[in-house]
Amino acid sequence: MVFRMQVYVEKPKCTGCSHCFDVCPVAVFEMKDRAAPDVNNDVAPEDGKWKGQHTPEVTAKWANVQDGHKHFAEKHEGGSGGISVAVNGPSCILCQACLVECEGECIVITDDTNNVYRSIYK
Ligand code: SF4
Ligand code: SF4
């Protein structure tokens with residue numbers, strides 16, 4: 001049996017911190033500019049797609065934080081900013097590293113027995 005995960009990012013909550021991209025050992029995530037044509041190229045349901053607006057509660061929580069990351073920047077500029085897209089979900093090995101590092105608490109992973117794992121920021 002082939003073991004395949006489904007991974008997506010709830011993009012309206014993504015701060016663009018890039019932590020998922022930094023920690024994933026199998027390159028599941030790519031950081032994209034918000035206006036990129038493939039910004040919705042993962043298996044996110046309709047309400048997890050980027051439609052031009054962030055979730056207000058997440059924006060309020062992170063808007064003024066000075067921690068060296070860009071938050072809610074339009075573009076990904078080599079460090080952080082933009083939006084994360086789970087372009088390579090089936091490669092996920094469920095190490096859970098991204099789940100504890102995701103500022104927006106917006107990563108959702110479903111395993112092959114339909115267990116669902118969601119990110120919870122430490
Ligand atoms: S749980 Fe999956 S997607 Fe997240 S860091 Fe580990 S391998 Fe990557
Ligand atoms: S860790 Fe979460 S909030 Fe940060 S870029 Fe990845 S999906 Fe977005």
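As the structure lists them, so they are numbered: ligands from 1, and atoms in each ligand from 1.
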Please round to the nearest 0.5 Å and tell me the distance separating atom CD1 of I107 and atom OG of S119.
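So the CD1 of I107 and the OG of S119 are separated by 5.0 Å.
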
Parallel, tilted or perpendicular: which fits the ring planes of H19 and Y121, with parallel below 30° and perpendicular above 60°?
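H19 vs Y121 ring planes: parallel.
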
Any side-chain heavy-atom pair of [X] and [Y] under 4.5 Å:
X    : Y    : answer
L94  : I109 : yes
Y117 : D111 : yes
S80  : F21  : no

Is a donor from one side chain sitting under 3.5 angstrom from an acceptor on the other, for H69 and E103?
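Per modelled atom types, H69 and E103 side chains form no pair under 3.5 Å.
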
Does atom NZ of K61 have more than 12 heavy-atom neighbours from other groups under 6.0 Å away?
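More than 12 within 6.0 Å, yes.
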
Exceeds 12 heavy-atom contacts within 6.0 angstrom, atom CG of D67:
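Counting other residues, nucleotides and ligands, CG of D67 exceeds 12 neighbours.
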
By residue and atom, what protein N/O/S atoms are less than 2.8 Å from atom 6 (Fe) of ligand 1?
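You should have found C95 SG.
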
Enumerate the atoms of ligand 2 whose separation from the nearest heavy atom of M31 is less than 4.0 angstrom.
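Checking each atom against M31, I get 5 (S).
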
Is the backbone N or O of G104 less than 3.5 Å from a side-chain atom of T15, with the two atoms forming a donor-acceptor pair by type?
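No: the side chain of T15 does not pair with the backbone of G104.
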
Tell me the protein N, O or S atoms under 2.8 Å from atom 8 (Fe) of ligand 2, in chain and number order.
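Short answer, with waters excluded from the count: C14 SG.
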
Assess whether a salt bridge exists between E77 and K70, defined as any Lys/Arg side-chain N lying under 4.0 Å from an Asp/Glu carboxylate O.
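Yes.
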
For atom 3 (S) of ligand 1, what is the nearest protein heavy atom, given as residue, atom name and distance?
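Answer, as residue, atom name and distance: F29 CE1, 3.6 Å.
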
Using a strict cut-off of 4.0 Å, indicate which atoms of ligand 1 neighbour a heavy atom of I109.
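The atoms of ligand 1 under 4.0 Å from a heavy atom of I109 are 1 (S).
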
Quick one: which of D42, V28, V43, V108 gives a side chain to side chain contact (heavy atoms under 4.5 Å, CB included) with V7?
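For V7, the side chain to side chain contact (heavy atoms under 4.5 Å, CB included) check succeeds only for V28.
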
